[in-house]
Amino acid sequence: MATFYLSSTIRDLEECRKKVAETLRQLGHTVVGMEDYTADSRPPLQKVLADIAECDAYLGLFAWRYGYIPKKDNPRKLAFTELEYREAVRLQKHPLIFILSEDAHWPVDQIAQDDKERRQIKALREKLSQDHNVKFFRDCNDLATKVSIAVSRPIDKEPKPIPPPPTFPPSPTPRPWKWYALAVIVTVVLVSVAYGIKVASRRNERMNDWSSRFNKTEKLAEHWQYPKDLWKTEPGELQGDDEALLVKGQEMGIPSDLGGKVFRNFRANFKIRFKNGGDRAAWVLRAQPDRAGGYLFELVREGTHLFLYSWIYDRKQKVENLRKDEVPFGRFRESKSLTIDVVVEDNKFNYNMIFRDDEPDDPPAPGEPKSGATVVENLEISDDPDNIRWQSGTIGFLETDDTSVMRVESVYVFTPKP
């Protein structure tokens, strides 16, 4: 039996950590993790790294959060999870890496909302995928099963010599004529690489990651094709140059900076608000380049209730209602935001939504949750599987009447890697 160091961010993977720890202990292994820590005189990072050195193996879980970045003794500004991983690799602790699948349904509030953190966790996930034979999981139960299989192989507990940092002899100074030859070679290589990238980008009709967080320093017209007399921006919810988009009018707007690329199966995440007492908001998935068709989803307030209408949108008209779903929202006011996360796969649209109040009542109003937030999970909507109207497209926004205004804080789109 072996001793495993269990590494992950805590808040978003708490349930998965419990299942993995339970699985390992049922198999007779010992588990060391931060939740088991008691008072210690050493700084947390020093304690963590010391524990990794005493374990036989490292087991890392990674979803969509980068995690806490310790300020002391951390010149590269890496998160605890990445520091743990790097130490396990340095000490050759048989790293076992498990990454949440990109198309797995995951709570919206457990996904990094900050642009910088999104870039950090994306870079770490890519590095892990390149350097290790990682296993992808879709939920905590799937993860526990894959962990039990992975640890069934015997682990070599014999300590190995830790290799010293690599050293390189100084390069000889080239003669003057060699500088010219070197410059020619470098130029040829760079031109070839640039050409290869250009050709590959033309062949690739999908994007891996696209975002639009509206900014004062960037002109809206450079990134969106939209009704210019109706759309505008205003100061956003963050400080600095952050802005929010105000959508008005029944003409759809779509991104114009995608270079002709389109999406098929993808995941979209965006944050919206009802503005100026409006009673509806709308967006289009697989929006067509002519801005005249796609799958239209419309949130409409009817009395004290909120409904999500799903439409076939063609020739700028709602031509077929797929379904109507009631969703909880509580009392309306501008302090409420809707974070919407949707996975598009062929003819299916799977929604997760968070309705959050920036100014929750204390105590909450009748029928309101104490946290000021309501979560809707796994709301699945589908078109006729034999009649998918649009195989690909982009994302679009519009209003379905001339009085409502929708405020869009940010938009992110992720697609599977080609």
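Just so you know, these numbers come straight off a predicted model, no measurement behind them.
The shortest distance between side-chain heavy atoms of Arg291 and Pro227 falls below 4.5 Å. Within the 4.5 Å cutoff, side-chain heavy atoms of Leu6 are placed close to those of Arg17. With a 4.5 Å cut-off on side-chain heavy atoms, Glu84 and Ile52 count as touching. Contact of the Leu220 side chain with the Leu245 side chain is registered, since non-hydrogen atoms from C-beta on lie closer than 4.5 Å. At a threshold of 4.5 Å between non-hydrogen side-chain atoms, the residues Ile111 and Asp12 do not count as touching. The side-chain heavy atoms of Leu83 and Pro70, taken from C-beta on, include a pair separated by under 4.5 Å. By the 4.5 Å heavy-atom criterion applied to side chains, Glu234 and Leu246 are counted as neighbours. With a 4.5 Å cut-off on side-chain heavy atoms, Leu296 and Leu398 count as touching.
In this structure, the side chain of Asn352 engages the main chain of Asn378 through a donor-acceptor pair within 3.5 Å. Checking side-chain atoms of Glu409 against main-chain N and O of Lys271 turns up no donor-acceptor pair under 3.5 Å. Side chain of Tyr5 to backbone of Ala53: no donor-acceptor contact under 3.5 angstrom is found. The backbone N or O of Asp257 lies less than 3.5 Å from no partner atom in the side chain of His223, so there is not a single donor-acceptor pair. Looking at Ser256, its side chain does come within 3.5 Å of a backbone N or O of Trp224 through a donor-acceptor pair. Here the side chain of Thr145 pairs a donor or acceptor atom with the backbone of Asn141 at under 3.5 angstrom. A donor-acceptor pair under 3.5 Å is formed between the side chain of Asp56 and the backbone N or O of Thr3. A donor-acceptor pair is defined here as one N or O able to donate and one able to accept, closer than 3.5 Å; such a pair exists between the side chain of Gln288 and the backbone of Arg286. Looking at Glu399, its side chain does come within 3.5 Å of a backbone N or O of Met406 through a donor-acceptor pair. The main-chain N or O of Asp346 is never found under 3.5 Å from a side-chain atom of Arg264 such that the two would form a donor-acceptor pair.
The distance from the CD1 atom of Ile121 to the CD atom of Glu82 is 8.5 Å, given to the nearest 0.5 Å. Taking CZ from Phe355 and OG from Ser337, the interatomic distance works out to 10.0 Å, rounded to the nearest 0.5 Å.
Phe307 carries Lys324 over the face of its six-membered ring, with the cationic atom under 6.0 Å from the centre and within 45° of the normal. Remark: Arg138 fails to qualify as a cation-pi partner of Trp106 under the 6.0 Å distance and 45° angle criteria applied to the six-membered ring. A cation-pi geometry, defined here as NZ or CZ lying under 6.0 Å from the six-membered ring centre and within 45° of its normal, holds between Arg118 and Tyr412.
Aromatic ring centroids of Tyr295 and Tyr313 lie 6.0 Å or more apart. Taking the six-membered ring for Trp and the full ring otherwise, the centers of Phe397 and Phe270 sit less than 6.0 Å from each other. Checked against the 6.0 Å centroid criterion, the rings of Trp231 and Tyr226 qualify as a close aromatic pair.
Tyr309 and Asn321 are not linked by any side-chain donor-acceptor pair at a separation below 3.5 angstrom, with hydrogens and angles left out of the test. Inspection of the Trp311 and Glu298 side chains reveals an N or O donor paired with an N or O acceptor under 3.5 Å. Side-chain N/O atoms of Tyr85 and His132 include a donor and acceptor closer than 3.5 Å. Side chain to side chain, Glu377 and Tyr351 fail the donor-acceptor criterion of an N or O pair below 3.5 Å.
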- When you look at Glu87 and Tyr58, which way does the side chain to side chain donor-acceptor pair (under 3.5 Å) test go after all the steps? CA-CA 10 Å; Glu87 182 70 358; Tyr58 163 93; over 6 Å; no
### Task
Just do the side chain to side chain donor-acceptor pair (under 3.5 Å) check on Asn269 and Thr339 with the steps written out, would you?
CA-CA 7 Å; Asn269 181 284; Thr339 301; over 6 Å; no
message: Is there a salt bridge (Lys or Arg N to Asp or Glu O under 4.0 Å) between Asp142 and Lys146? Walk through the geometry before answering.
response: CA-CA 6 Å; Asp142 181 40; Lys146 290 178 176 175; 3.3 Å; yes
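Of the charged side-chain nitrogens involved, none lies within less than 4.0 Å of a carboxylate oxygen, so that Lys18 and Glu22 do not count as a salt-bridged pair. Between Arg267 and Asp341 a salt bridge is recorded (basic side-chain N to carboxylate O distance below 4.0 Å). With respect to the salt-bridge test (charged N to carboxylate O, under 4.0 angstrom), the residues Arg119 and Asp115 do not qualify.
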